[in-house]
Visitor: 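Shown below is the structure under consideration.
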Amino acid sequence: FTRELCRAMDQMISGSREPVRVSYSDTLFARISYRLSRLYDIMQENRRKASGERQELQMLVSDVSHQVKTPVSNLKMVSDTLLSKPVTEEERREFLKGIRNQTEKLEFLFQALVKTSRLEIGAIRLEKNDAPLMDTLAMALSGIVYAAEKKRICVSVGCPDDLRLFHDSKWTAEALFNLLDNAVKYTPAGGAIRVSVEQWEMYVKIDVSDTGKGIPESNQGAVFRRFYREEEVHGEPGIGIGLYLAREIVTKQGGYIKVTSKIGKGSTFSVFLPWRYFR
């Protein structure tokens, strides 16, 4: 009995064979067999999770490598030019501006990765407090005012001043800023962005609408993926992590995000946050 038991456990450890499942019987062997079968199922599930996590890690490393490759190559090329060739003062200033831009892109990437990873592993705990939603919107909007004015984009807001919401104001502002920042990037000069708030029975709905080029229906399910960017927008600044981070922030507060869009008609990203406080 012990020899067969050890053999079955060795096979379970190696994953080469599932333990023999016996029909119900009130014997010692049947009770041990039942527990071994349950243990085997747990081990197999853990193996599948570990395999999935390895694949996700490989994809993350590949994505980060891809995002870092271009700015690093640009920095190297500009540095080599400055070291090997005589340049005028005007050219030197242009090269230095390029170095600064690429450095800022790398810094933004690393900060976004740190925020995302800390949220995912639970190192950052979102603290929901009763606060005016208008204050949160103001924080988010302050980050895009200059860029919107530069492109002559009209930004309007419709939100009741007295609407209060149990939410993490700082991180919610971060999520909304990411939506607004995308709206500014992909809305042509002279366009419009509208932020509107509706109070539903269980949720507060925050819409960020723009008059940009729109998102094809086939791509709408992918825009929240980490590092996802459509082929035709690679010329625009960004690394494709803003929407992913926004969804993480909203989801961790019990809410969700959805997008509706039509080509040539613009897009609307809707954030739903529970407005009642649940412990």
Visitor: With rounding to the nearest 0.5 angstrom, report the CD1 to NZ distance, Ile144 to Lys150.
Guide: 14.5 Å

Visitor: Using side chain to side chain contact (heavy atoms under 4.5 Å, CB included) as the criterion, list what pairs up with Asp210, not counting sequence neighbours.
Guide: Ala183, Thr187, Ile193, Ser267

Visitor: I need the minimum non-hydrogen distance between Ile215 and Ser261, along with the two atoms involved.
Guide: N-OG, 2.7 Å

Visitor: Give, for atom CG of Asn74 and atom CD of Gln102, the distance between the pair rounded to the nearest 0.5 Å.
Guide: 4.5 Å

Visitor: Are there more than 12 heavy atoms of other residues, nucleotides or ligands under 6.0 Å from atom CD of Glu217?
Guide: no

Visitor: Transitively linked via ILVMFWY side-chain contacts under 4.5 Å: Phe177 with Val145?
Guide: no

Visitor: Please say yes or no: joined through hydrophobic side-chain contacts below 4.5 Å, possibly via intermediate residues, are Val72 and Met77 part of one cluster?
Guide: no

Visitor: Begin with the C-alpha distance, continue with both residues' side-chain angles, and end with the deciding distance and a verdict on side-chain contact (heavy atoms from CB on, under 4.5 Å) for Asp181 and Lys185.
Guide: CA-CA 6 Å; Asp181 186 50; Lys185 286 177 185 175; 3.2 Å; yes

Visitor: For Ser209 and Thr268, which heavy atoms make the closest approach, and how far apart are they?
Guide: OG-OG1, 2.9 Å

Visitor: Kindly indicate whether the side chain of Leu243, heavy atoms from C-beta on, has any atom under 4.5 Å from the side chain of Asn178.
Guide: no

Visitor: Please check if Met202 and Trp200 belong to a single hydrophobic cluster, counting links between Ile, Leu, Val, Met, Phe, Trp and Tyr side chain heavy atoms closer than 4.5 Å.
Guide: yes

Visitor: Please tell me if the side chains of Asp135 and Met139 come closer than 4.5 Å, counting only heavy atoms from C-beta onward.
Guide: no

Visitor: Which pair of non-hydrogen atoms, one from Val184 and one from Ala148, has the smallest distance, and what is that distance?
Guide: CG1-N, 4.1 Å

Visitor: Identify, with sequence neighbours excluded, every residue that meets side-chain hydrogen bond (donor to acceptor under 3.5 Å, both in side chains) alongside Thr172.
Guide: Gln253

Visitor: Applying salt bridge (charged side-chain N to carboxylate O under 4.0 Å, His left out) to Arg93 and Glu90, what does each step give before you reach the verdict?
Guide: CA-CA 5 Å; Arg93 289 180 62 84; Glu90 183 178 352; over 6 Å; no

Visitor: Which heavy atom of Pro132 sits nearest a heavy atom of His167, and at what distance?
Guide: O-CE1, 4.4 Å

Visitor: Would you say Ser51's side chain and Arg47's backbone share a donor-acceptor pair under 3.5 angstrom?
Guide: no

Visitor: Indicate yes or no: at least one non-hydrogen side-chain atom of Val197 is less than 4.5 angstrom from one of Met134.
Guide: no

Visitor: Within this structure, what is the NZ-NZ distance for the pair Lys205 and Lys258, rounded to the nearest 0.5 Å?
Guide: 6.0 Å

Visitor: Give a yes or no on whether Glu127 atom CD has more than 12 heavy-atom contacts from other residues, nucleotides or ligands under 6.0 Å away.
Guide: no

Visitor: Rounded to the nearest 0.5 Å, what separates atom CG in Leu163 from atom CD in Glu198?
Guide: 11.5 Å

Visitor: What are the two closest non-hydrogen atoms of Ala140 and Ala173, and how far apart are they?
Guide: CB-O, 3.5 Å

Visitor: What distance separates Arg38 CZ from Met43 CE, expressed to the nearest 0.5 Å?
Guide: 14.5 Å

Visitor: Can you give me the closest heavy-atom contact between Phe272 and Val250, atom names plus distance?
Guide: O-CG1, 4.0 Å

Visitor: Of Leu179, Leu176, Asp207, Leu180, which meets side chain to side chain contact (heavy atoms under 4.5 Å, CB included) against Val195?
Guide: Leu180

Visitor: Mind checking whether Val223 and Ile263 sit in one hydrophobic cluster, side chains of I, L, V, M, F, W, Y counted as touching below 4.5 Å?
Guide: no

Visitor: Report the residue from Leu133, Asn129, Thr136 that forms a side chain to side chain contact (heavy atoms under 4.5 Å, CB included) with Ser169.
Guide: Thr136

Visitor: I want to check something: taking the side chain as every heavy atom from C-beta on, are Leu137 and Ile206 in contact at a cut-off of under 4.5 Å?
Guide: yes

